[in-house]
Number of protein chains: 2
Amino acid sequence: MVAYVYIFLLYSGMNKQLIKGSLSTIVLKLVGREGRMYGYEITQRVRQLTDGQIRLTEGALYPTLHKLEAEGYLNTKTEIVEGRARKYYYLTEEGEAITAQKVSETAAFIQHLQKLLNLNTL
Amino acid sequence: MVAYVYIFLLYSGMNKQLIKGSLSTIVLKLVGREGRMYGYEITQRVRQLTDGQIRLTEGALYPTLHKLEAEGYLNTKTEIVEGRARKYYYLTEEGEAITAQKVSETAAFIQHLQKLLNLNTL
DNA sequence: AATATATACATAAGCAACCAATATATAAAT
DNA sequence: ATTTATATATTGGTTGCTTATGTATATATT
């Protein structure tokens, strides 16, 4: 007799739409605190720091990185590592300033959200 | 002689993009805890609870209310109060369930965001 | 040798959510 | 008479994200 075990993987779908405007802030902050990061590394770091619950897709990340670079908040340096190109991103001075500003705005917004949703009392 | 006082109102513009997909959650939660609310009242409550820092515009609110009603999460009852029509919104049973779910998802997201932005240590 | 997985960057199409502006209308205040 | 506050609603536009696709190399598996 053979026992068949059916494993149902229920992908929650709850992963969706949870970034919403805070993506550039997250990217800037991560790059700032690690000194330099490349795109793929950022996706993995976000996944790791959120226990796999937030998955940063490339379609969202790369346009955001390019935009932040165009705005003068990030600089790049491409290196070849193990046969593959890696594009490292660094904060510019302006990038450091805007990061601090964006992080504090997000912190304020979180406070408001907690008040509106009665999360303070939890 | 007449002294003209020019008052320059500098609208910060920082009000922008601060709702971030949490609008329907906020609306549902507020209506749920007050029992019933009408649109204008919601805009004023959000403004009051956030010390004027989050301004919920009508162009965002009314489509959201209509959508939540169409989805079966809100019911309405129109009353005439002091000559003006007021459209009160109530949570349906489904609305109560989805509110609890959305609030806990938002709470989880806030936790992730705080970790990514190093806000825990503040 | 062939295939799959992980690494690494990137773009295109499309949709949902939000903002700014506008519209209508009544009541109260100046 | 005009402005402000109350009250609901729509339209047009933009941004930000998702899904899907594309390219390419290195490593692991079969």
Side-chain angles (χ1 to χ4, degrees), chain A residues 11-28 36-48 52 54-71 74 76-89 102 106 109 113, chain B residues 7 9 11-28 36-48 52 54-71 74 76-89 102 106 109 113:
Chain A
Y11 291 104
S12 65
M14 290 307 149
N15 188 37
K16 295 172 184 174
Q17 292 154 308
L18 283 179
I19 298 285
K20 286 162 199 152
S22 48
L23 178 53
S24 61
T25 310
I26 292 170
V27 166
L28 288 167
R36 67 172 195 175
M37 291 187 89
Y38 54 98
Y40 184 76
E41 189 183 18
I42 295 172
T43 66
Q44 299 308 301
R45 184 75 76 254
V46 168
R47 184 191 279 237
Q48 168 213 334
I54 294 185
R55 277 180 213 184
L56 181 44
T57 61
E58 300 96 323
L61 177 63
Y62 289 111
T64 297
L65 285 171
H66 300 160
K67 194 186 172 206
L68 290 171
E69 188 183 6
E71 290 169 334
L74 291 175
T76 62
K77 193 187 168 202
T78 300
E79 293 180 19
I80 305 296
V81 180
E82 291 169 15
R84 282 187 293 265
R86 269 188 199 168
K87 200 162 165 185
Y88 281 101
Y89 289 85
K102 275 170 165 280
T106 303
F109 175 65
L113 203 49
Chain B
I7 301 174
L9 285 177
Y11 292 104
S12 67
M14 288 308 150
N15 191 36
K16 293 173 185 174
Q17 292 154 312
L18 283 179
I19 297 287
K20 289 167 190 151
S22 46
L23 179 53
S24 61
T25 310
I26 292 170
V27 167
L28 288 167
R36 65 172 196 175
M37 292 187 88
Y38 54 97
Y40 184 76
E41 189 184 18
I42 295 173
T43 67
Q44 298 309 302
R45 184 75 76 257
V46 168
R47 185 191 277 236
Q48 167 215 333
I54 295 185
R55 279 182 215 181
L56 183 43
T57 60
E58 300 95 325
L61 177 62
Y62 289 109
T64 297
L65 285 171
H66 300 160
K67 194 188 172 205
L68 290 171
E69 189 184 5
E71 289 169 333
L74 292 175
T76 62
K77 193 187 168 201
T78 301
E79 293 180 20
I80 306 295
V81 180
E82 291 169 17
R84 281 188 294 266
R86 268 187 199 171
K87 201 163 164 184
Y88 282 101
Y89 289 85
K102 276 170 164 281
T106 303
F109 177 65
L113 202 49

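So that the names make sense, note that chain A is the first sequence line, chain B the second, and so on, each numbered from 1.
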Check: Under a 4.5 Å cut-off applied to non-hydrogen side-chain atoms, are B/Tyr88 and B/Thr78 in contact?
Finding: no
Note to self: Any side-chain N or O of A/Lys67 below 4.0 angstrom from OP1/OP2 of D/dG16?
What the structure shows: yes
Checklist line | side-chain N/O A/His66 vs C/dC9 OP1/OP2, d < 4.0 Å | finding: no
Check: Looking at D/dA9, D/dT19, C/dC18, which one has an atom nearest to any side-chain atom of B/Glu58?
Finding: D/dA9
Note to self: Of the listed nucleotides (C/dC19, D/dA7, C/dA10), which one gets closest to any side-chain atom of B/Tyr62?
What the structure shows: D/dA7
Check: Do the side chains of A/Ser24 and A/Lys102 get nearer than 4.5 Å, heavy atoms only?
Finding: yes
Checklist line | Stretch residues 76-83 of chain B: residues that reach within less than 4.0 Å of DNA chain C through a heavy atom | finding: B/Glu82, B/Gly83
Check: In whole Å, what is the span from the CG atom of A/Leu65 to the P atom of C/dT11?
Finding: 11 Å
Next item on the list: Go through the side-chain N and O atoms of B/Glu69 and B/Thr76 and say whether any donor and acceptor fall under 3.5 Å apart.
Entry: yes
Check: Can you name the closest pair of heavy atoms from B/Glu41 and B/Arg36 and give their distance?
Finding: OE1-O, 4.1 Å
Nucleotides 3-7 of chain C: which of its N/O atoms have a protein N/O under 3.5 Å away?
| residue | atom | partner | partner atom | Å |
| --- | --- | --- | --- | --- |
| C/dT7 | OP2 | A/Tyr40 | OH | 2.3 |
| C/dT7 | O5' | A/Tyr40 | OH | 3.1 |

Note to self: If the cut-off is 4.0 Å, is A/Thr57 near the phosphate of D/dT18, judged by side-chain N/O to OP1 or OP2?
What the structure shows: yes
Margin query: I want to verify a distance call: between C/dC18, D/dA7, D/dC17, whose nearest atom is closest to the B/Ala60 side chain?
Written below: C/dC18
Notebook entry, point to check: Hey, does A/Ala85 reach any base, or is it just sugar-phosphate, or nothing, if we go heavy atoms under 4.0 Å?
Noted result: sugar-phosphate
Notebook entry, point to check: Can you tell which of C/dA10, C/dC18, D/dT10 lies closest to the side chain of A/Lys87?
Noted result: C/dA10
Check: Heavy atoms under 4.0 Å, any strand shown: does B/Gly39 hit a base, just sugar-phosphate, or nothing?
Finding: sugar-phosphate
Check: Can you find a pair of side-chain heavy atoms, one from B/Gln44 and one from B/Gln48, that are under 4.5 Å apart?
Finding: no
